[in-house]
Protein chains: 2
Amino acid sequence: LEQAVGSESLVELLARNKRELDAIALKFLPRSSRNKEITTLYEMMRDYPSRGGKGFRGSLCLLWCELFGGKREDALVTAAALELFQNWILIHDDIEDESDLRRGHPALHRKYGVPLSINAGDALHGKMWELLLSNEEKLGAELSFQIFREFSKMLNETTEGQQMELCWTVSNNWDISEQDYLLMVTKKSGWYTCISPSRLGLLLGSASRRSDASALSKILEKQIEFGKDMGIAFQIVDDILNLTASQERYGKEILGDIFEGKRTLMLIHLLSKSSAAEKKKIISLLSKPRQRKTMEEVKTVFDLLKKNGAIEYAWIVAQKHAQRGLALYDSVCRDYALIDSPSFGTLRSLLEYFVKRDY
Amino acid sequence: LEQAVGSESLVELLARNKRELDAIALKFLPRSSRNKEITTLYEMMRDYPSRGGKGFRGSLCLLWCELFGGKREDALVTAAALELFQNWILIHDDIEDESDLRRGHPALHRKYGVPLSINAGDALHGKMWELLLSNEEKLGAELSFQIFREFSKMLNETTEGQQMELCWTVSNNWDISEQDYLLMVTKKSGWYTCISPSRLGLLLGSASRRSDASALSKILEKQIEFGKDMGIAFQIVDDILNLTASQERYGKEILGDIFEGKRTLMLIHLLSKSSAAEKKKIISLLSKPRQRKTMEEVKTVFDLLKKNGAIEYAWIVAQKHAQRGLALYDSVCRDYALIDSPSFGTLRSLLEYFVKRDY
């Protein structure tokens, strides 16, 4: 965590990037209206973007851009739009998942109710596209359109992944293979956490070297494979932290995933290792609506996960994917002679941090 | 209604346009996936666009384009995207307003539940932008960006209007002036029903005459005023039809607005005409949650609206706005020598139909 990248630690670098990106978003978002209801909408839209967060996605985009020799300032708007993407989609996710907490504070719909929060998410979603429109002047039409297309692909994948997970919950389906889980996680989290931020950074960083279109498209392809592995690793670690992190740093409810009945690799592993009778018992606990689960019941499941080595198992799977992703990263950087770029090591540290973080 | 425009009636023209636009949208939207949960998402996204509807907005865009000498086929994608806009926003509106019916069938969240429907709305929203991206090849980057900007403005206005209305409901605010109502309606409905479809049609229709940029920007400004009046007229008539239309043709619950406690011009007028005691009684009826209102209570409010001439009053206000909008339309067409265009009369009939329709 305290790994130095140049003169500052990685955590400091992330925080500095995040502050800069939040400032762009908050400057762009409207602040007040003569109409008090509309002012409330603006406050709601500024709420999640004002809560901080780690800013992984924006930083990833900036670093890939720099790695390919691009100018950091060319990528700032796109990186800020990535952070907006996360913010509007989290507003809706928190409603869909009935989450209580986000970044240490009540979820938006716990403060304002569901109807206003759906609408505020839509408004913020619109603002994301509007922010991307401002790329045109600086980056030109062609690159701006490529960026739009990547956001569009990212949104398709994310909503498909969210759909898979929600359908499992709604239909109380626990007959889920590890492969189903990995597909869901790649779509729901991998695309917007790693694949698209990386590809966007590459598009932005290589804009002045468009002659090499075939090499570029090869790297974009490889970034999908790379990003799948890193995204899977990221999400598994996120699910582990939901069980093991300290509440204060994590900012969401610890054990919230068990309350929610979320299909995690750990639960899938536990179920696959359980006898038919145990399995039935675990599923009947998990299937209760979150309000009707007691802390004792949730702890029972947590203890079973620990006892059966499910957390260690998930940890090993996460490390395996992270190592594969990092190896692909190294090989791309070798192939394109990027190892000597000052950003090579910084970006690698950020990727390692995906699985090293403790919140 | 049976007014002939060329060889076909206006209703036939609307239906023909709508079929063509729906076909574009449904061809564009994905149909099936190997994954069954994702196939369900696709079915949800195709649901509202498959239910028909009148297609006012798409037809408006096509007719403004033709009026200004543009090619109908250049406007088809944008007009189809306008219809998609309405479809995704209605999915979310129906949740926010707790509506049961849409176009004669259960609202999407009544079929699939709220979480999946929020997500499907987001996915369809994303597809709207993706469809607009496909304009670039045919229309070029500059015009495509202008279209994006108009959609972005339209979405900002719509979410602000929705916010105003939802805030009144959430805070049980009945202290609403006619002016508040008109601002809310302009934002919530006027922009996407009339202002933006008209402006988009103009942008598309005048693309080959860009030399005349200052005249163009003057008309775009006038379309805001024109569209405000027409949009207000449209929405007031919609609210009247909610009380008076036949259930079968209207496709939503008759008297649903009173069940919902929706702030309409008629209720605002009734409250302004009532004594303090009557007002208190009416508000206490309207303020009950929709599930706890009886049909008898709803009918009581309906009878008061009739008895106090609130429906006639709203009708007169709608006609006044429609006449002002039509006069502005005529004057723009005179100023730019468009009266002889074959589309002049057709578009005028469509605009008149805004306040003449009976469903």
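Quick note on labels: first sequence line is chain A, next is B, and so on, each numbered from 1.
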In terms of heavy-atom pairs under 4.5 Å with chain B, which of [options] leads?
options                                : value
A:Glu136, A:Gln162, A:Met184, A:Glu130 : A:Glu136
A:Leu183, A:Thr169, A:Leu133           : A:Leu133
A:Thr40, A:Leu41, A:Val114, A:Thr158   : A:Leu41

Heavy-atom distance under 4.5 Å to chain B: side chain of [X], backbone, both or neither?
X        : value
A:Ile95  : side chain
A:Asn156 : side chain
A:Leu155 : side chain

Checking [Y] against [X]: is there a side-chain donor and acceptor pair closer than 3.5 Å?
X        : Y        : result
B:Tyr42  : B:Asp47  : no
B:His92  : A:Asn119 : no
A:Thr159 : B:Asp122 : no

* Residues A:Glu150, A:Ser196; criterion side chain to side chain donor-acceptor pair (under 3.5 Å); working and verdict -> CA-CA 7 Å; A:Glu150 189 64 33; A:Ser196 289; 2.9 Å; yes
Counting only non-hydrogen atoms closer than 4.5 Å, does [X] touch chain A with its backbone (N, CA, C, O), its side chain (CB onward), both, or neither?
X        : answer
B:Lys153 : neither
B:Asn173 : side chain
B:Asn35  : side chain
B:Ile89  : neither

Assert top hit (heavy-atom pairs under 4.5 Å, partner chain A, pool B:Trp88, B:Tyr112, B:Phe151) equals B:Trp88
Highest number of heavy-atom pairs under 4.5 Å with chain A among B:His125, B:Gln163, B:Glu37, B:Lys127 belongs to B:Gln163
(Q) Under 4.0 Å between a side-chain nitrogen and a carboxylate oxygen: does that hold for A:Asp239 and A:Lys262? (A) yes
Problem set entry | Audit row: B:Asp93, B:Ser99, side-chain contact (heavy atoms from CB on, under 4.5 Å) steps and yes/no | CA-CA 8 Å; B:Asp93 268 20; B:Ser99 302; over 6 Å; no
**Asked** Within the side chain of A:Arg46, is there an N or O that forms a donor-acceptor pair under 3.5 Å with the backbone of A:Leu26?
**Response** yes
- Message: Could you go through B:Asn87 and B:Glu83, starting from their C-alpha distance and side-chain angles, then the distance that decides it, and tell me whether this counts as side chain to side chain donor-acceptor pair (under 3.5 Å)?
- Response: CA-CA 6 Å; B:Asn87 282 307; B:Glu83 296 296 315; 5.4 Å; no
